[in-house]
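First the structure, in the form of structure tokens, and then the observations on it.
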Amino acid sequence: MGLQLKKAARAVLAGCLLFALVLGVLPVNAPTAQAASDAVVNVSQTYQEIRGFGGMNHPTWIGDLTASQRETAFGNGDNQLGFSVLRIWIDSDSRNWYKEVATAKAAIAKGAIVFATPWNPPSDMTETFNRNGDTKAKRLKHDRYADYAKHLNNFVSFMKNNGVNLYAISMANEPDYGHEWTWWTASEIVTFLKYYAGSINCRLIAPESFSYNKTMSDPILNDSQALANIEIMGTHLYGTQWKDFAYPLFQQKASNKELWMTEVYYPNSDSNSADRWPEALGVSEHIHKAMVNNLQTYVWWYIRRSYSPMKEDGTISKRGYCMAQYSKFIRPGYKRVSATENPNNGVYVSAYTGDGKAVIVAVNKGTSDISQKFAVNGQNISKVDRYRTSGSENLAKTSDLSLDGNGFWAYLPANSVSTFVCTLKGSVVTNPGTNTGATIANGWYCIKNPASGKYLQVSDNKGEAGQNVQAGEKTGGRGEKWYLNKLDNGYFTLTSALGDFMLDVSGADTADNTNIHIYHAYSGDAQQFMCKTTSVAGQFGILTKVTDGKSGIHLRVSDNTNVVQNAYWEGSNQVWVFEPTN
């Protein structure tokens with residue numbers, strides 16, 4: 001979104017959205033105001049995996065974040081936002097790309113992922129056309145689609161060469177609202193995705209429509225070839241009504257893809273509004289609505305602005321604290337789980353699991369205080385820490401709320417949002433980066449991806465150094481049989497039955513999309529792996545030593561065949577079963 005568009009969007013938002021408040025909690029010994037139905041959390045019923053929360057940096061528009069502001073945004077200590085996603089701009093002029101590097105590197109150093117979005121192609125690739133009487137409307141020339149794909153690849157390479165491995169790249173920003181940038185029709189998007197996007201060497205996001213415009217994304221979902229060439233469906237939520245947050249067609253057609261909210265500000269961009277209360281509480285409700293409708297990211301327009309999570313002076317605003325009630329505690333790789341969404345009038349609840357915890361966020365947008373009972377089915381809670389933002393509090397912490405078996409009572413003041421971090425005694429879904437070192441006995445195995453039903457195999461069943469490894473239908477050939485040998489350091493090697501070759505990360509590279517092949521056996525770091533347990537018994541992530549377990553063996557969704565190394569988040573295309581064989 002651009003500066004001028006923000007002014008227009010304000011009117012859209014005012015007409016289309018009712019801003020609201022989010023959940024809050026007080027100490028259990030506070031006076032009871034009104035009885036509530038139990039808010040029941042069921043950690044065994046999981047939904048989407050959360051990729052993270054964050055915002056946009058746009059040095060060309062309004063100046064780069066300072067070093068101190070980067071710490072505030074992406075650090076997760078006291079008085080920090082805990083953001084785990086950074087969105088950056090792809091300038092149409094490659095001479096300006098260097099401006100994005102410093103903050104991107106700082107975010108990655110704090111564990112965040114970075115994705116990039118273009119507003120315009122290079123000027124020589126565009127042309128004006130008549131769009132509903134506007135003779136100055138701009139679009140990408142139809143004979144320059146291949147050049148545009150190369151332009152995006154060049155940005156991926158530039159950032160990688162400067163120490164930034166992009167998690168994903170978008171093809172366009174708000175193609176349905178191109179008043180100040182390039183327009184795309186839904187048909188043009190599908191054409192680009194079908195015939196040109198397959199050459200882009202990064203996860204691809206599309207279409208990033210202005211207001212979750214399904215007429216822009218439905219055609220992608222309904223074209224299998226176009227859909228195969230994206231890995232993330234992205235959208236903005238400007239003016240989107242609650243009833244339009246759900247997307248059944250995506251769940252039906254693209255269950256193996258990701259669904260991201262890649263830009264918004266809410267409820268408005270009025271000057272100096274970020275600290276207005278209870279207006280700021282609307283941010284928490286907005287996030288709640290996005291999460292319970294299966295979105296996996298929540299990305300603010302610009303991190304530092306008068307209406308943003310960080311004010312112009314670099315301090316955190318009330319809106320920022322309302323975002324932090326989610327971003328600091330629901331970390332990348334956590335999964336949303338079942339929870340009673342509306343246990344009492346004005347109270348909205350969502351819940352998540354990861355790292356042996358259940359994280360519950362409760363928004364009380366009503367004008368009455370609520371005494372709320374929370375229960376976590378099937379789990380005993382050993383400890384509960386509560387963090388609350390209200391008109392007079394910012395992430396105020398209370399530890400060790402009184403427990404009642406698998407539950408606890410909490411006081412939710414009117415107009416407040418509370419986060420409860422529950423440490424569980426039982427086994428729950430774990431976050432990537434924990435619970436590694438699962439052991440499997442030495443022996444011969446066929447290795448299957450249960451989501452696709454395909455097996456890890458050497459292409460053409462050919463024993464030769466550098467031969468590609470892919471996933472394919474089971475043949476019983478030697479190329480899909482692997483001998484697992486545990487090493488003393490907790491890792492293992494996988495030797496092919498085709499000869500003295502091991503599964504190998506090409507070039508010992510640490511980057512996403514590094515190819516997996518077989519190579520002469522020498523048991524180096526590129527040939528060492530570790531299993532990570534998942535939420536399903538008997539299924540494992542296969543993590544690579546060259547990345548210190550941060551990445552794993554990954555079946556590319558775009559073709560459902562080639563196997564590469566990618567950042568690990570326990571996606572269905574990253575989970576494997578070891579089937580013993582002779």
Side-chain angles (χ1 to χ4, degrees), residues 13-27 30-41 53 237-246 261 264-268 270 273-293 295 298 300 307 309 316-330 336 339-352 359-374 386-396 409-420:
L13 291 169
C16 298
L17 291 174
L18 297 176
F19 75 81
L21 319 174
V22 189
L23 331 180
V25 181
L26 275 173
T32 300
Q34 180 180 348
S37 301
D38 288 0
V40 179
V41 174
F53 304 84
L237 290 179
Y238 293 106
T240 310
Q241 299 183 53
W242 299 143
K243 65 181 181 62
D244 295 323
F245 274 40
M261 198 291 290
V264 79
Y265 56 74
Y266 183 88
N268 54 53
D270 290 339
S273 66
D275 283 330
R276 292 177 185 168
W277 196 266
E279 179 182 277
L281 188 57
V283 174
S284 290
E285 185 189 22
H286 203 245
I287 296 174
H288 167 82
K289 293 292 186 180
M291 295 297 104
V292 299
N293 282 287
L295 288 158
Y298 190 94
W300 196 266
Y307 51 82
I316 298 174
S317 68
K318 280 291 189 181
R319 290 186 179 187
Y321 285 115
C322 286
M323 279 192 74
Q325 293 282 159
Y326 293 85
S327 59
K328 288 180 70 69
F329 310 107
I330 304 162
R336 185 173 69 88
T340 306
E341 184 182 349
N342 186 206
N344 204 5
N345 289 338
V347 175
Y348 297 94
V349 174
S350 61
Y352 312 82
V359 178
I360 304 168
V361 186
V363 185
N364 183 5
K365 70 165 194 168
T367 57
S368 298
D369 301 341
I370 300 293
S371 183
Q372 180 67 59
K373 172 68 181 294
F374 295 88
R386 184 229 68 196
Y387 303 82
R388 184 175 63 237
T389 295
S390 64
S392 59
E393 299 166 297
N394 297 320
L395 286 168
W409 284 89
Y411 192 74
L412 312 181
N415 293 329
S416 67
V417 51
S418 300
T419 302
F420 303 95

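Only this structure's heavy atoms are used, side chains among them; waters, hydrogens and symmetry mates stay out.
Residue Gly366 comes nearest to Ala414 through the heavy atom pair O-CB, 3.2 Å, listed as atom of the first residue, atom of the second, then distance. In plain terms, the two heavy atoms of Arg386 and Ala396 that are nearest each other are NH2-O, 2.9 Å. Here the closest non-hydrogen pair linking Tyr326 and Ser284 is OH-O, 3.1 Å. Nearest heavy atoms, Ile370 versus Asn344: CD1-ND2, 3.3 Å. Closest non-hydrogen pair, Val283 versus Tyr298, comes out as O-OH, 4.4 Å. When all heavy atoms of Asn415 and Lys365 are compared, the pair lying nearest together is OD1-O, 3.5 Å.
Counting heavy atoms from C-beta on, the side chains of Leu395 and Ile316 never come closer than 4.5 Å. With a 4.5 Å cut-off on side-chain heavy atoms, Phe420 and Phe329 do not count as touching. Looking only at side-chain heavy atoms (C-beta outward), Val349 and Thr340 stay at 4.5 Å or farther from each other. The shortest distance between side-chain heavy atoms of Ile330 and Phe53 falls below 4.5 Å. Side-chain contact check for His286 versus Pro267: every heavy-atom pair is 4.5 Å or farther apart.
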Verify side-chain contact (heavy atoms from CB on, under 4.5 Å) between Val41 and Ile360, making sure each step is shown before the conclusion.
CA-CA 8 Å; Val41 174; Ile360 304 168; 3.9 Å; yes

For Tyr387 and Lys328, what are the C-alpha separation, side-chain angles and deciding distance, and is it a side-chain contact (heavy atoms from CB on, under 4.5 Å)?
CA-CA 10 Å; Tyr387 303 82; Lys328 288 180 70 69; over 6 Å; no

Working for side-chain contact (heavy atoms from CB on, under 4.5 Å), residues Asn364 and Gln372:
CA-CA 10 Å; Asn364 183 5; Gln372 180 67 59; over 6 Å; no

Let's go through Glu279 and Lys318 carefully: what are the C-alpha distance in whole Å and the side-chain angles of both, what is the deciding distance for side-chain contact (heavy atoms from CB on, under 4.5 Å) to 0.1 Å, and is it a yes or a no?
CA-CA 9 Å; Glu279 179 182 277; Lys318 280 291 189 181; over 6 Å; no

Start with the C-alpha distance between Gln325 and Thr389, add both sets of side-chain angles, then the distance that settles side-chain hydrogen bond (donor to acceptor under 3.5 Å, both in side chains), and finish with yes or no.
CA-CA 8 Å; Gln325 293 282 159; Thr389 295; 2.7 Å; yes

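Ring pair Phe245/Trp242 is perpendicular by interplanar angle, where above 60° counts as perpendicular and below 30° as parallel. Aromatic ring pairs are classed by plane angle as parallel below 30°, tilted from 30° to 60° and perpendicular above 60°; the pair Tyr238 and Tyr265 is perpendicular.
Here CD of Glu393 is found 12.5 Å from OH of Tyr321. Values are rounded to the nearest 0.5 Å. Rounding to the nearest 0.5 angstrom, the gap separating the CG atom in Asn293 from the OG1 atom in Thr240 is 11.0 Å. With rounding to the nearest 0.5 Å, the separation of NZ in Lys289 from CD in Gln241 is 12.5 Å. Remark: Ser392 OG to Trp277 CH2 distance equals 9.5 Å, nearest 0.5 Å. Rounded to the nearest 0.5 angstrom, Ile287 CD1 and Ser327 OG are separated by 7.5 Å.
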